[in-house]
Amino acid sequence: MWALGNIAGDSPRCRDLVLSYGLVPPLITQCEALVLDAQREAAAAEAAGVPPKGTGGSAGANAAATATGPGAGGSVVGSSFAHATAGPPPTMQRNATWLLSNLCRGRPPPRWELIAPALPVLVQLLHVRTDDEVLTDTCWALSYVSEPPERIAPVVEAGAVGPLVALLGHEQPTVQTPALRSIGNIVAGTAEEAAVVLRFGVLGCLGELLGSAKKELRKETAWIVSNLTAGDQAQVAAVCAAGFVPRLLEMVSSEEYDVRKEVAYALCNACCSGSAEVVRWLVEVRHAAGDSPPNACAAPAAHLQRRHSSHTACASVHPPLGVIALFLNLLSLPDVQLLLAVLSALEAILRAGTPPGAPLPGNGNPHARLLDEAGGCEVIEALQMHEHTLIFEKAESILETWFGGVDDDEDASTAPVVASDGFRFG
């Protein structure tokens, strides 16, 4: 089985070759035996009044006596597994889960009709809490299965979301990591699929994981939050109500760049797809852990896309800056896409600060005043010298719309001139 797993893990071509021998049905039988063993062990412990086991340890070795034979379709590989099911040791069952995971892995993904029959048993394996190795391989398998967006719906319908969310609280990062990746893939699907994840209370788990000691867990969590805040206004309001926005504000100024970038997208998306009321709350929040954002429901912002990939409420932190000043600090970064996202977020903040019926550049906009007091006009003016046309145009639009533009002399000196080798500035 190790040999087959190594072959399948070599490349998509080798994986498909192994799959062509009808390997999935006998593997399902092995995994079902593991599930049955875990169920019997749990029932016996309950009858004896013994608390259920937590993590680690073996799933036991007595399930194979009642396991049914595999439907291997008469293949050579299936025949060898049929003989093994009379009494497979736990190690064989673990290896079966690992091999099944390798068969789900790779790009392009394997043919759906070959791996779809394994989905029910993969969901059942999520309940085998006595074996961390099995949980790890099962979560990775589900992360591979759910990576193509068109395959998320079957994973949700199979009942995987609830146990995956529960495993985000597992004590081992080796289990948390693939469970988090699976949840991230599902959240990056449709609004309906993301809503299912929210209904299972994922936000409490995400708040805990934002404070993880593991950098990769923090980064993956921030990516998931950014996909949630790219949803509709109800999703943005739910994220804000979860209590970890102050933590995000602290992270966007203190984290390493790759984590900081994901957090920045989460905040930018919240400003762009949140209601005006929620955006005004985001502008005001610093470290007021007791503040609750308003609820809002509306259609999702059409221009925002979920990005497919990388404590119940966390403790209050005390970031020295609000979201406007933090966004301005991000405008010095070299990432063009992030700069455009930040400028769009600042534009949404300015729009939310406009009093009803007031002209856009009017002096009654408190958000425009806050941005100006933080030195934002100067920072945005400097972006008119940026080499990327979209950034120059967005910066110019913000200044003209909300601050009355710039002097004609400045316009003449900063407007891009088309040259044979691209844009240059005066």
Side-chain angles (χ1 to χ4, degrees), residues 1-35 59 70-73 75-82 84-85 88-128 131-148 150-152 154-155 158 160 163-164 167 170 172-186 216 220 308-310:
M1 197 176 297
W2 271 105
L4 289 170
N6 287 331
I7 293 171
D10 180 78
S11 67
R13 180 173 174 271
C14 292
R15 174 206 66 203
D16 293 343
L17 177 63
V18 175
L19 278 169
S20 70
Y21 282 92
L23 190 58
V24 170
L27 284 178
I28 291 174
T29 299
Q30 293 290 327
C31 293
E32 287 173 341
L34 181 58
V35 171
S75 72
V76 175
V77 176
S79 176
S80 66
F81 274 94
T85 56
T91 299
M92 180 175 288
Q93 295 168 342
R94 290 195 194 101
N95 290 348
T97 310
W98 168 73
L99 176 51
L100 189 56
S101 176
N102 274 359
L103 292 174
C104 296
R105 181 182 180 184
R107 297 179 183 177
R111 284 164 49 198
W112 177 243
E113 65 270 20
L114 295 179
I115 61 168
L119 194 52
V121 78
L122 286 173
V123 174
Q124 293 171 8
L125 286 168
L126 293 175
H127 298 281
V128 182
D131 196 314
D132 291 353
E133 291 181 34
V134 168
L135 287 175
T136 297
D137 289 329
T138 302
C139 289
W140 278 121
L142 287 168
S143 77
Y144 304 141
V145 171
S146 60
E147 195 167 75
E150 67 275 9
R151 297 184 179 181
I152 294 173
V155 173
L164 282 170
L167 288 174
H170 198 279
Q172 295 297 330
T174 54
V175 176
Q176 288 177 308
T177 299
L180 192 63
R181 176 65 59 84
S182 301
I183 290 294
N185 289 341
I186 297 170
E216 285 306 313
E220 196 91 5
H308 291 272
S309 32
S310 142

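Index from 1, following the sequence. Every heavy atom of this structure was used, including side-chain atoms; hydrogens, water molecules and symmetry mates were not.
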Any chance you could lay out the side-chain contact (heavy atoms from CB on, under 4.5 Å) test for Gln30 and Asn95, step after step, and finish with the verdict? CA-CA 9 Å; Gln30 293 290 327; Asn95 290 348; over 6 Å; no
Rounded at 0.5 Å granularity, tell me how far [atom1] in [X] sits from [atom2] in [Y].
X      : Y      : atom1 : atom2 : value
Leu164 : Arg181 : CG    : CZ    : 13.5 Å
Thr97  : Glu133 : OG1   : CD    : 9.5 Å
Ile115 : Cys104 : CD1   : SG    : 4.5 Å
Leu34  : Thr29  : CG    : OG1   : 12.5 Å
Leu100 : Arg105 : CG    : CZ    : 13.5 Å

Do you know the tightest heavy-atom contact between [X] and [Y]?
X      : Y      : value
Cys139 : Ala179 : CB-N, 3.7 Å
Thr138 : Leu122 : CG2-O, 3.1 Å
Cys31  : Val121 : CB-CG2, 3.7 Å
Leu142 : Leu119 : CD2-CD1, 3.7 Å
Leu135 : Leu125 : CD2-O, 3.7 Å
Pro109 : Arg151 : CB-NH1, 3.5 Å

Under the side-chain contact (heavy atoms from CB on, under 4.5 Å) criterion, do Trp140 and Asn102 qualify, and how do the steps go? CA-CA 9 Å; Trp140 278 121; Asn102 274 359; over 6 Å; no
Side-chain touch [X]/[Y], heavy atoms, less than 4.5 angstrom:
X      : Y      : value
Arg94  : Asp131 : yes
Asn185 : Val155 : no
Trp112 : Pro154 : yes
Leu17  : Ile7   : no

I'd like to know whether the aromatic ring centres of Trp98 and Trp2 sit less than 6.0 Å apart in this structure. yes
Sub-3.5 Å donor-acceptor pair from the side chain of [X] to the main-chain atoms of [Y], do we have one?
X      : Y      : value
Ser182 : Ser143 : yes
Thr177 : Pro173 : yes
Asp137 : Ser101 : no

Within a radius of less than 6.0 Å around CZ of Arg15, do more than 12 heavy atoms belonging to other residues, nucleotides or ligands occur? yes
